[in-house]
Amino acid sequence: MTSLPLIVLVGPTASGKSSLAIEVAELLISHGQGAEIVNADSMLVYRGMDIGTAKPSPAELSRVRHHLVDIMDVTQSASVAEFQDLARAAISDIRGRGSVPIMVGGSSLYVRAILDQFEFPGTDPAVRSQWQAELDRLGPEALHQVLAARHPQAAAGILPGNGRRIVRALEVIELTGDFSPILPEPDYALPDVRQFGLQLERAEMDARIEARVHQMWSDGLVDEVQRLAEQGLQGGLTASRGLGYQQVLAYLAGELTEDEAREATITGTRRFARKQLGWFSRDPRIQWLPAGDANNAALIAAGVGLIPSAVGD
RNA sequence: GGCAGCUUGCCCGAGCGGCCAAAGGGAGCGGUCUGUAAAACCGUCGGCACAGCCUACGAUGGUUCGAAUCCAUCAGCUGCCA
């Protein structure tokens, strides 16, 4: 074959993306086709964040080669732009050795940044921290005025309460002279991309999430967070915001009871899953499959033409 | 058993005679998004035949032109007294 497809698995948390990826990979491997998994999840990259991220177990990870898992300390900040580079590099390496890359992602921005025509203006820590300081001093509304004075169009596209985006816009304007708050149209930058989404009903999704969070607690999430806290988890911009981690940190700081932390993790995860659904449902290129269906791996492998279809079509 | 307090919309919680369908928060629902996206932000949020009406502030009955707000009785919860 001339080119190998890039299989992309998306869908809400707890829909079974990670294990399906392993299944698909193993199925391909059993047909003599190499396959490797690329993680596109901002939390799985962190070493030590295992229980709360529902990271595949060491045994599962050893069954199929995984990329971009356990590559950072919790004090480092993962960022989309960095992910874009790392993931694209991993994908082309995998293809280079004749294997099929299978990417698993939970957030649309990360997935699209990797797959689509998507360019990020640079960043400068000094400039950033200067505007961040301004934000702390003036508050978001006042800073929005500053932005409006410098670049009315950018300001128009950002709500006055959204301090984070205002800071970034000011940073980019200072660096490049311009800033566009508009997301580009879907347009693949990589060849042969095939996106599959796992779909499930809300009630089912909510039930899975709740069960999963309870499981995390009994698996020792609190201990895990305690351990990570000793490594400076609170200081990590991204890692400390992870669902479950954020809440347990609040519990350990005495701001929540343990029960409240667990409940907050459940509702937070539910909200996140709904947002994921929203993001992905707007991408018409995704082909949807029912989550949990035993035939999914075969359907995907056959669907991209890598194994003969068992059902015949 | 006696005394004191509490009972508000899906949840938490303010209100203490009219301006109350009832502040605020959470959840839910909808939306935004280019270097923290498991983030940040915004809208909506009792029902309907919708500038009006209906239902609603533990239950029932009263006082009042008018009550979530005052009184009485009942029910449940909490604290002190045994």
Side-chain angles (χ1 to χ4, degrees), chain A residues 10 12-14 17 39-46 49 52-55 72 74-86 105-114 116-125 127-129 131-132 135 140-141 143-144 154 156-173 175-176 178-187 189 202-203 206 209 212-213 216 221 234-249 256 260 263-282:
Chain A
V10 300
T13 188
K17 300 185 294 287
N39 161 247
D41 180 298
S42 64
M43 294 295 162
L44 288 184
V45 295
Y46 291 109
M49 288 174 70
T53 59
K55 186 181 287 172
M72 288 188 189
V74 290
T75 50
Q76 296 176 272
S77 300
S79 81
V80 210
E82 198 177 348
F83 239 96
Q84 184 184 45
D85 291 343
L86 293 172
S107 108
S108 171
L109 180 65
Y110 276 53
V111 171
R112 292 201 47 206
I114 296 162
D116 285 337
Q117 224 61 62
F118 224 94
E119 262 158 55
F120 295 97
T123 185
D124 180 328
V127 176
R128 171 67 70 95
S129 61
W131 284 115
Q132 183 58 47
L135 174 66
E141 286 79 13
L143 202 60
H144 189 260
I158 300 174
L159 290 164
N162 202 339
R164 191 118 102 207
R165 294 196 66 219
I166 296 168
V167 167
R168 164 98 272 241
L170 285 163
E171 179 195 13
V172 173
I173 290 165
L175 260 33
T176 70
D178 196 23
F179 180 78
S180 164
I182 301 141
L183 225 43
E185 287 302 305
D187 179 18
R202 281 196 180 190
D206 289 349
I209 287 169
R212 175 137 124 178
V213 171
M216 286 173 180
L221 179 60
Q234 305 88 316
L237 275 178
T238 310
S240 66
R241 303 312 213 283
L243 282 164
Y245 297 88
Q246 194 190 313
Q247 289 76 199
V248 173
L249 242 20
L256 295 179
E260 286 168 343
E263 281 313 303
T265 301
I266 293 171
T267 59
T269 306
R270 269 206 309 255
R271 283 172 58 74
F272 173 56
R274 282 158 169 67
K275 276 195 297 184
Q276 291 176 300
L277 243 26
W279 290 331
F280 295 124
S281 66
R282 277 169 226 131

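Residue numbers start from 1 in every chain, and the chains themselves are labelled A, B, ... in the order their sequence lines are given, proteins ahead of strands. Both backbone and side-chain heavy atoms feed into the values below; hydrogens, waters and symmetry mates do not.
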K.L.:
Of the options B/C33, B/G35, B/A40, whose atoms approach the side-chain atoms of A/Arg165 most closely?
P.N.:
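Closest nucleotide to the A/Arg165 side chain: B/C33.
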K.L.:
Is A/Tyr110 touching bases, backbone alone, or none of the nucleic acid, heavy atoms closer than 4.0 Å?
P.N.:
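Counting heavy atoms under 4.0 Å across all strands, the contact made by A/Tyr110 is with sugar-phosphate only.
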K.L.:
Report the base-pairing partner of B/A38 (Watson-Crick or G-U wobble, both distances below 3.5 angstrom), or none.
P.N.:
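No nucleotide pairs with B/A38.
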K.L.:
For B/C10 versus B/G61, give the span between their C1' atoms, rounded off to a whole number of Å.
P.N.:
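Straight-line distance between the two C1' atoms is 30 Å.
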K.L.:
Using a 4.0 Å heavy-atom cut-off across all strands, classify A/Gly236 as base, sugar-phosphate, or nothing.
P.N.:
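The answer is nothing, as A/Gly236 stays clear of every strand by at least 4.0 Å.
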K.L.:
Roughly how many Å apart are B/A23 and B/G9, using the C1' atom of each and rounding to a whole number?
P.N.:
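Those two atoms are separated by 13 Å.
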K.L.:
Measuring only the P atom in each nucleotide, how far is B/A51 from B/A67? A whole number of Å is fine.
P.N.:
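After rounding to an integer number of Å, I get 25 Å for this pair.
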K.L.:
With heavy atoms under 4.0 Å as the rule, sort A/Pro184 into base, sugar-phosphate or nothing.
P.N.:
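Result for A/Pro184 = base.
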K.L.:
From A/Leu44 CG over to A/Met72 CE, what is the distance, rounded to the nearest 0.5 angstrom?
P.N.:
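One gets 12.0 Å once the value is rounded to the nearest 0.5 Å.
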K.L.:
Using a heavy-atom cut-off of 4.0 Å across all strands, would you classify A/Gly244 as base, sugar-phosphate, or nothing?
P.N.:
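It contacts nothing in the nucleic acid.
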K.L.:
Looking at the side chain of A/Leu159, which of B/A38, B/C33, B/G31 is the nearest nucleotide?
P.N.:
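Of all the options, the side chain of A/Leu159 is nearest to B/G31.
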K.L.:
Partner lookup for B/G24, please. Criteria are Watson-Crick or G-U wobble with both distances under 3.5 angstrom; report none if nothing qualifies.
P.N.:
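Partner of B/G24: B/C12.
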K.L.:
With the side chain of A/Phe272 defined as its heavy atoms from C-beta on, choose the nearest nucleotide among B/A38, B/G31, B/A37.
P.N.:
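The answer is B/A38.
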K.L.:
Of the listed nucleotides (B/U36, B/C41, B/G35), which one gets closest to any side-chain atom of A/Gln132?
P.N.:
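Of the candidates, B/U36 comes closest.
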K.L.:
Is any side-chain nitrogen or oxygen of A/Ser79 closer than 4.0 Å to OP1 or OP2 of B/U36?
P.N.:
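Result: no.
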K.L.:
By the 4.0 Å heavy-atom rule, please label A/Thr269 as base, sugar-phosphate, or nothing.
P.N.:
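Nothing, no heavy atom under 4.0 Å.
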K.L.:
Look at all strands and tell whether A/Glu119 reaches a base, only sugar-phosphate, or nothing, counting heavy atoms closer than 4.0 Å.
P.N.:
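Base contact - A/Glu119 has a heavy atom under 4.0 Å of at least one base atom.
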K.L.:
Quick one: pull up CD in A/Glu141 and CD1 in A/Ile166 and give me the separation to the nearest 0.5 Å.
P.N.:
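Answer rounded to 0.5 Å: 7.5 Å.
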K.L.:
Rounded to the nearest Å, what distance is computed from the CZ atom of residue A/Arg274 to the C1' atom of nucleotide B/U32?
P.N.:
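Rounding to the nearest Å, CZ of A/Arg274 and C1' of B/U32 are 19 Å apart.
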K.L.:
What integer distance in Å separates A/Leu277:CG from B/G28:P?
P.N.:
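Going from A/Leu277 (CG) to B/G28 (P), I get 13 Å.
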K.L.:
Side chain of A/Arg202, heavy atoms from C-beta onward: which of B/C29, B/A38, B/G35 has the nearest atom to it?
P.N.:
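So the side chain of A/Arg202 is nearest to B/C29.
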K.L.:
Paired with B/G2 by Watson-Crick or G-U wobble geometry, both distances under 3.5 Å: which nucleotide is it?
P.N.:
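Check on B/G2: paired to B/C80, both distances under 3.5 Å.
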K.L.:
Does the side chain of A/Arg168 reach to within under 4.5 Å of the side chain of A/Pro121, using non-hydrogen atoms?
P.N.:
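In contact.
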K.L.:
So, OP1 or OP2 of B/U36: does either fall under 4.0 Å of a side-chain N or O from A/Arg241?
P.N.:
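No, A/Arg241 has no side-chain N/O under 4.0 Å of OP1/OP2 on B/U36.
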K.L.:
Would you mind pulling out the nucleotide paired to B/A75, Watson-Crick or G-U wobble, both distances under 3.5 Å?
P.N.:
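Matched B/A75 with B/U7 under the 3.5 Å cut-off.
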K.L.:
Among the nucleotides B/A38, B/U34, B/A37, which one has an atom lying closest to any side-chain atom of A/Val80?
P.N.:
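For the A/Val80 side chain, the nearest candidate turns out to be B/A37.
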K.L.:
Just name whichever nucleotide pairs with B/G43, Watson-Crick or G-U, keeping both distances under 3.5 Å, else none.
P.N.:
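By the stated definition (distances under 3.5 Å), B/C29 pairs with B/G43.
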K.L.:
From the list B/G35, B/G28, B/U36, which nucleotide is the closest neighbour of the side chain of A/Arg271?
P.N.:
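Nucleotide nearest to A/Arg271's side chain: B/G28.
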K.L.:
Answer with base, sugar-phosphate or nothing: what part of the nucleic acid does A/Ser107 contact at a heavy-atom distance below 4.0 Å?
P.N.:
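Result for A/Ser107 = sugar-phosphate.
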K.L.:
Classify the nucleic acid contact of A/Ala273 as base, sugar-phosphate or nothing, counting any heavy atom under 4.0 Å across all strands shown.
P.N.:
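Nothing: the residue A/Ala273, judged by heavy atoms under 4.0 Å, touches no strand.
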K.L.:
Is the distance from OP1 or OP2 of B/A37 to the nearest side-chain N or O of A/Arg112 less than 4.0 Å?
P.N.:
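The answer is no; no side-chain N or O of A/Arg112 sits under 4.0 Å from OP1 or OP2.
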K.L.:
Provide, to the nearest angstrom, the distance between the CG atom belonging to A/Asp206 and the C1' atom belonging to B/G28.
P.N.:
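My rounded result for the distance is 10 Å.
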K.L.:
If you assign A/Asn162 and A/Ala81 each to the RNA chain B nucleotide with the nearest heavy atom, which residue ends up on the more 5' nucleotide?
P.N.:
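The residue closer to the strand's 5' end, by nearest nucleotide, is A/Ala81.
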K.L.:
Rounding to an integer number of angstrom, what distance separates B/U73 and B/U78 when you compare their P atoms?
P.N.:
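Straight-line distance between the two P atoms is 22 Å.
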K.L.:
Counting just side-chain N and O atoms, does A/Arg270 come under 4.0 Å of either OP1 or OP2 of B/A27?
P.N.:
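So the side-chain polar atoms of A/Arg270 never come under 4.0 Å of the phosphate oxygens OP1 or OP2 of B/A27.
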K.L.:
With a 3.5 Å limit on both atom pairs, tell me what B/C50 is paired to, counting Watson-Crick and G-U wobble, or say none.
P.N.:
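Base partner found: none.
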K.L.:
Do you know the tightest heavy-atom contact between A/Leu170 and A/Trp131?
P.N.:
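Smallest interatomic distance, heavy atoms only, reads CD1-CE3, 3.6 Å.
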K.L.:
Does B/G18 pair with anything, Watson-Crick or G-U wobble, both distances under 3.5 Å, and if so, with which nucleotide?
P.N.:
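Paired with B/G18, as far as the under-3.5 Å criterion goes, is B/C65.
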K.L.:
I'd like to know if the side chain of A/Gln276 pairs up with that of A/Thr13 as donor and acceptor (distance under 3.5 Å, no hydrogens or angles considered).
P.N.:
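There is no such pair between these side chains.
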K.L.:
Distance between the C1' atoms of B/U55 and B/U8, in whole angstroms?
P.N.:
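Their C1' atoms lie roughly 15 Å apart.
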